[in-house]
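Scroll down for the structure; my scribbles are underneath it.
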Amino acid sequence: MDQSRQPQRLFTALKMLGVSALLITCVLSVASGQNPNEAAKQKPKGPWMDKNSSPDKRADLVLEQMTLDEKITLVHGTEGAAAQLHSLGGAGYVPGIPRLGIPALQMTDGRSGVANIGSRGVYSTALPSALANAASWDVESSYEYGAQIGKEVRDLGFNVSLGGTANIIREPRNGRNFECLGEDPLLIGKMLGRELKGTQDQQVVGNINRYAVNDQETGRFIAGAIVDKRAMQETDLLAFEIAIQESDVGTVMCAYNRVNGAFACENPYLLTDVLKKAWDYKGWVMTDWGAAHSANASALAGLDQEMPSGRYFGNPLKAAVEKGDVPVSRLNEMVRRILRTEFALGIIDNPPVAHPVNPFTGAEVAQRVAERGMVLLKNDNGQLPLEVSGVKSIALIGAHADVGVLSGAGSDQVDAAGGSAVYGQGDQVWHRSSPSRALQARAPNAQVTFDPGTDPAAAAKLAGASEVAIVFVWQHTSEGRDVPNLSLPDLQDELVSQVAAANPHTIVVLENGGPVTMPWLDKVDAVLEAWYPGIRGGEALTRILFGDVNPSGKLPVSFPKSEADLPHSSVAGMLPGAPGKPPKEQKTPFDVNYTEGLKVGYKWFEAEGKEPLFPFGFGLSYTSFSYSSLEVTPGAQLRVSFRVGNTGSRAGAEVAQVYATLPSSAGEPFKRLIGWEKVSLAPGESQNVTLTVEPKYLSIFNVAKGAWELPSGEYQVYVGGSSRSTPLSQAVTMADPR
Ligand code: BGC
């Protein structure tokens, strides 16, 4: 019998008996005398283990000791039986160098929790989606979100968390929008930066996913983004730059697509000129899974690690180094970056030790994040909040609201502990947080009756016989496929219309991955955007509906009235009826031309004179806010101060937003977000807010010079509660100090 296959067979046998993979791995490892954290436990005595030396020094010291084969081992993932024994079963595994005390890299996706580990018998907290987190506009909440992910990644024994993406929402039909943080580079950069800092503070290596311009899933392996350099710098890349700056994230994952002709993972402009040189990035660049296309070109372009295998960075890279086609100095740089990051983030000095995690350990964080990120889009006639003692009967309709809440699919799928609350719906996972149960518990004297919504007439009948109707609607989205359009699937628009016709007090709750159209909007009283709300979604939305929590989320992405108002009427390369798949004959690469350039999201609507359904930055509260006393002071850093007041009768939080337009010479006739602050205010209270603005946020990218510059002239500064509601404004003249 082939000895090398024994562990694999034992693994399979134990799995069939239902034993958790994490446990099996530990058992097999101990039995074979090897442990996933074995390298670290051996504690070699080399001078690189001196914690008082800098991470750079320590990396150099280890590097001096390494053979060519050892270096090659670190620059690519390993799969197959050998990996199976030592890997914890996450997305990727890179063996360590035990004799030098360098641990294996155990990688897992960690964007809204530790993803796709349920089949191994372990689970983690299902947090709300990244877009829901972004909708809070609360950077400290984002830190808490990232920290919860990092803590569970570490507790489960992983030391690399494949983290959030800074890709900007250019395509509202992108199936991965729920993993994104919106359509504005500053919002994305600041929110993601704090999230990744939170993750890395738990002593795991963080990651920023899919650099860059990875904005649709249709033809994901063959599509090529075309976007002009200035637009790319000021929007797409700026989001990554800010997030990296704020977090010092340890790894950047290059994307599948091409960017202006070259694959993102062999793109010297992106990887070397921008990331490593202009941004002075110190971590390492890994490929997305299977996104490498070459050894030499990728290595020379600045790629440091191929995942999840060594197709190009195994033997082919070794041969290229031996032949001198790739200088050994380049290989050393790859390895140095990896080692330096491992030392800097503590995974060598303090390696994680795997133990099962209670999947509800982060439930309170999940609930807080969900409550902060839900957005009240409409509330006519004071329909909300509901009064516990006032409401006698509630018709609860649709979206499996009797049992759970929806989540997004793909590599960011956090498995549902206890299984999906709904079976037989393809890859849909519904987390076991029942809105119906939560609502009934909050209003024990009300009669709460559920109707699945599959027959609109029956649902309308129930609605007509109830005091209030709450219709839950859903849109399932996933990695690997875009949505064909922005309409709710399964005739749900018809459902809402019929229910609203039967009951004048209709409230709609949305569980979705990104913008959707709402042809029934005028007919309903209230709309609450709940996103994919995580394991406490039902409880969070109940607290908002009953006013225990005053909603304070604001849209991180514009909602269009119709697809006709978008820059592109359909997703490039999408075959009608086959979401996600490029036309069959299209094996050859195709381009996605981002002709809107700088005009992403709200900038597009403003520049084109189009009215969105709901603008970027919009969100209602159960109280009202006033804005006054704007003062704008130019200087090395623009200073903006103003006063926000709570003019209503409930405590609440307002996301006070600051926008600017640049001098006309910039050629950007639309506002851009330059700062914000989320302010909590008691009824009647008011507060001064002062923000200083980085010159870069007021600058443009000069492609000829390859540099940022601040246009001289008159800027207009706007302050208010959304990109379209800015009651305060003031002009200010500035000149580039250079
Ligand atoms: C996804 C990445 C993910 C990787 C590892 C890829 O398919 O695009 O976001 O991190 O898989 O699971």
Side-chain angles (χ1 to χ4, degrees), residues 76-79 83 87-94 105-120 124 129-131 146 149-150 153 156 158-169 171 174-181 188 192 195-196 199 204-223 225 240 243 249-259 263-265 283-293 303-311 407-415 427 477-482 513 580-581:
H76 66 83
T78 295
E79 295 181 301
S87 156
L88 290 176
Y93 170 75
V94 180
L105 294 174
Q106 303 277 0
M107 303 181 178
T108 179
D109 283 292
R111 287 187 282 293
S112 59
V114 184
N116 292 303
I117 49 167
S119 62
R120 297 166 190 111
S124 90
S129 65
L131 195 58
I149 295 171
V153 163
L156 287 164
F158 299 101
N159 52 15
V160 180
S161 173
L162 305 175
T165 182
N167 282 306
I168 202 158
I169 299 184
E171 173 47 79
N174 175 7
R176 297 189 84 171
N177 282 341
F178 72 96
E179 297 181 42
C180 298
L181 285 90
I188 299 170
L192 184 59
E195 176 193 331
L196 297 176
T199 300
V204 295
V205 177
N207 163 266
I208 192 162
N209 228 249
R210 302 185 282 122
Y211 176 72
V213 206
N214 184 243
D215 298 333
Q216 68 169 54
E217 290 299 280
T218 303
R220 69 195 291 225
F221 304 119
I222 58 172
F240 279 92
V249 70
T251 67
V252 168
M253 179 188 288
C254 49
Y256 287 124
N257 51 293
R258 283 169 291 118
V259 178
F263 279 112
C265 291
W284 85 85
V285 179
M286 66 169 76
T287 64
D288 198 344
W289 267 224
H293 294 272
L303 176 67
D304 301 312
Q305 189 179 57
E306 179 188 4
M307 290 304 297
S309 74
R311 178 170 175 195
S407 57
S411 59
D412 184 27
Q413 178 74 67
V414 178
D415 291 316
D427 60 353
T477 61
S478 172
E479 177 178 340
R481 57 177 191 260
D482 298 320
K581 308 258 180 329

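Every number for a ligand or one of its atoms is a count from 1 in the order of the listing.
- Listed by chain and residue number, T108, I117, S124, E152, V153, L156, F158 satisfy the side chain to side chain contact (heavy atoms under 4.5 Å, CB included) test with V114 (two or more places apart in sequence, or in another chain).
- Considering backbone and side-chain N/O atoms, W289 never comes within less than 3.5 Å of an N/O atom of ligand 1.
- Listed by first then second residue, pairs satisfying salt bridge (Lys or Arg N to Asp or Glu O under 4.0 Å) with a partner in residues 109-118 read D109-R111, R111-E179, not counting sequence neighbours.
- Close N/O approach between R176 and ligand 1 is found [any backbone or side-chain N/O within under 3.5 Å].
- Annotation: side chain of H76 is not in contact with side chain of S309 (no heavy-atom distance under 4.5 Å).
- Taking a cut-off of under 4.0 Å to the non-hydrogen atoms of R220, the atoms of ligand 1 that pass are 7 (O), 8 (O).
- Contact annotation: for M107 versus ligand 1, there are no heavy atoms closer than 4.0 Å.
- In this structure, H293 and F263 have parallel ring planes: the angle between them is below the 30° cut-off, well short of the 60° mark.
- Atoms of ligand 1 lying under 4.0 Å from any heavy atom of A91, numbered from 1 in the order shown and given with element: 5 (C), 12 (O).
- Annotation: atom 7 (O) of ligand 1 to nearest protein heavy atom, E479 OE2, 2.8 Å.
- L181 and E195 make their closest contact through CD2-OE1, 4.4 Å (heavy atoms, listed as atom of the first residue, atom of the second, distance).
- The protein heavy-atom contact nearest to atom 10 (O) of ligand 1 is D109 OD1, 2.6 Å.
- What sits closest to atom 9 (O) of ligand 1 on the protein, heavy atoms only, is N209 OD1, 2.6 Å.
- For the side chain to side chain donor-acceptor pair (under 3.5 Å) test with Q413, the passing option among S112, S407, S478 is S407; the others fail.
- Contact detail for C254 and A264: the closest heavy-atom pair is CB-O, 3.8 Å.
- A donor-acceptor contact closer than 3.5 angstrom links the side chains of T251 and N207.
- The protein non-hydrogen atom at the shortest distance from atom 11 (O) of ligand 1 is D288 OD1, 3.5 Å.
- Against a heavy-atom cut-off of under 4.0 Å, Y256 is close to the following atoms of ligand 1: 6 (C), 7 (O), 8 (O).
- Residue contacts with ligand 1 leave out M307, since none of its heavy atoms falls under 4.0 Å from the ligand.
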